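The model shown is predicted, which means the values in this text are computed figures rather than measured ones.
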Amino acid sequence: MINYVWPLALVVLSNVLYHSCAKSVPEELNPLASLTVTYAIGAMVSLVFFYLLNPNADIAAEYRKMNWAPIVLGLAVVGLEVGYIYAYKAGWPISTAQIVQAAVLAVLLLFVGKLFYNEGLTLNKVAGIIACLVGLGLIRA
C-alpha cells in the first residue's frame, strides 16, 4: 500500500511547494531567467539521486535508451512553469489557478485516455466531467 501512496503524497507536497514558489517569483524577474536556475538545480538534484539510488549505473547508457518522450516532456514542463508564473503575475489567486487548470485538464485527459490509450469512458467518468464543469461554474461565481 505504501508503494501506491507515497508517489502521490510526494506529488501533493511538491505541488504545494511548487505553487508557493511560482507565486513568489519576484514581479520584476523574467520567468525564463528564473527557470534557468530552477532547471539547473533540478538537473543537479536528478543526477545526484540517479547515482545515489543506482550506485553502479551508467548515465550515458541510460541516455541511449531514450525516445522522443523526455524531449517533449522537457518542452511541456517549460510550458507548465512559464504558464503558472505568468498566470500568477497576471493576478490569478493561488487558491484558484490550479483548481481551474486541474478541472479542465481532468476533462481533457479523459478524452486523451480514451482516444490514445484505449482507456474506458464510463458513466462515473462522465459524471466526473459534469462535476468538473459544475465546479468551474461555482469557482467563477
Side-chain angles (χ1 to χ4, degrees), residues 1-55 57-141:
M1 178 69 166
I2 190 74
N3 287 336
Y4 193 73
V5 173
W6 83 260
L8 286 185
L10 178 61
V11 168
V12 169
L13 177 64
S14 296
N15 258 297
V16 170
L17 193 59
Y18 166 85
H19 285 281
S20 297
C21 292
K23 181 85 171 162
S24 299
V25 170
E27 182 68 32
E28 62 277 3
L29 177 61
N30 182 298
L32 296 170
S34 170
L35 290 180
T36 62
V37 173
T38 300
Y39 292 128
I41 298 295
M44 286 187 290
V45 169
S46 295
L47 188 62
V48 167
F49 274 103
F50 174 78
Y51 283 112
L52 283 176
L53 298 175
N54 308 287
D58 178 2
I59 193 95
E62 294 300 315
Y63 287 159
R64 288 190 292 274
K65 299 175 189 175
M66 282 195 212
N67 65 1
W68 59 270
I71 295 164
V72 175
L73 183 59
L75 296 172
V77 169
V78 171
L80 288 170
E81 310 281 359
V82 171
Y84 271 120
I85 293 171
Y86 276 115
Y88 290 137
K89 285 179 180 271
W92 276 85
I94 197 169
S95 61
T96 307
Q98 200 281 330
I99 294 171
V100 170
Q101 80 77 30
V104 173
L105 179 64
V107 172
L108 290 174
L109 286 180
L110 284 173
F111 292 107
V112 168
K114 176 69 177 156
L115 292 171
F116 297 107
Y117 299 102
N118 204 30
E119 296 176 358
L121 188 60
T122 64
L123 285 176
N124 284 347
K125 290 180 182 178
V126 171
I129 291 171
I130 293 167
C132 286
L133 296 174
V134 169
L136 286 174
L138 292 172
I139 284 177
R140 187 169 183 266

**Student:** Would you say Glu119 and Lys114 make side-chain contact, with heavy atoms under 4.5 Å?
**Tutor:**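 Of all side-chain heavy-atom pairs linking Lys114 with Glu119, none is under 4.5 Å.
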**Student:** With a 4.5 Å heavy-atom cut-off, do Trp92 and Tyr84 have their side chains touching?
**Tutor:**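 Answer no - side chains too far apart.
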**Student:** When rounded to the nearest 0.5 angstrom, what distance separates CD in Gln98 from CG in Leu105?
**Tutor:**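 Atom-to-atom, Gln98:CD and Leu105:CG are 9.0 Å apart.
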**Student:** Pair Thr38, Ser34 - check side chain to side chain contact (heavy atoms under 4.5 Å, CB included), show working.
**Tutor:** CA-CA 6 Å; Thr38 300; Ser34 170; 4.3 Å; yes
**Student:** What residues form a ring-ring contact (aromatic ring centres under 6.0 Å, His included) with Tyr39, not counting sequence neighbours?
**Tutor:**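 With neighbours one apart ignored, the set is empty.
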**Student:** Under 4.5 Å between any side-chain heavy atoms of Lys125 and Thr122, yes or no?
**Tutor:**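 Yes, at least one pair of side-chain atoms sits under 4.5 Å.
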**Student:** Taking atom CZ of Phe49 and atom CG of Asn54, what is their separation to the nearest 0.5 Å?
**Tutor:**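 CG of Asn54 is found 12.0 Å from CZ of Phe49.
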**Student:** Looking at Leu136 and Val104, what are the two nearest heavy atoms and their distance?
**Tutor:**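 Nearest heavy atoms, Leu136 then Val104: CD1-CG2, 3.8 Å.
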**Student:** What are the two closest non-hydrogen atoms of Tyr88 and Ala97, and how far apart are they?
**Tutor:**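 Closest approach of Tyr88 to Ala97: CE2-CB, 3.8 Å.
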**Student:** If you compare all heavy atoms of Ala69 against all heavy atoms of Asn67, which two are closest, and at what distance to 0.1 Å?
**Tutor:**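 That closest heavy-atom pairing would be N-OD1, 2.9 Å.
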**Student:** First locate atom OG1 of Thr36, then atom CD1 of Ile41, and finally report the distance between them rounded to the nearest 0.5 Å.
**Tutor:**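 Interatomic distance, Thr36 OG1 to Ile41 CD1, rounded to 0.5 Å: 10.0 Å.
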**Student:** About how many Å separate OG of Ser24 and CG of Leu29, when rounded to the nearest 0.5 Å?
**Tutor:**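 The CG atom of Leu29 sits 12.0 Å away from the OG atom of Ser24.
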**Student:** Show me the donor-acceptor pairs within less than 3.5 Å that the side chains of residues 5-16 make with the rest of the protein, sequence neighbours left out.
**Tutor:**
| unit_1 | atom_1 | unit_2 | atom_2 | d |
| --- | --- | --- | --- | --- |
| Ser14 | OG | Leu10 | O | 2.8 |
| Asn15 | ND2 | Val11 | O | 3.2 |

**Student:** Tell me, do Val126 and Leu110 make a side-chain contact under 4.5 Å, heavy atoms counted?
**Tutor:**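 The answer is no, as the side chains (C-beta and beyond) never meet within the 4.5 Å cut-off.
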**Student:** Should Arg64 and Asp58 be marked as a side chain to side chain contact (heavy atoms under 4.5 Å, CB included) after you check the CA-CA gap, both sets of side-chain angles, and the distance that decides it?
**Tutor:** CA-CA 10 Å; Arg64 288 190 292 274; Asp58 178 2; 4.2 Å; yes
**Student:** For Lys89 versus Glu28, what's the shortest heavy-atom pair and its separation?
**Tutor:**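 Closest approach of Lys89 to Glu28: NZ-N, 4.3 Å.
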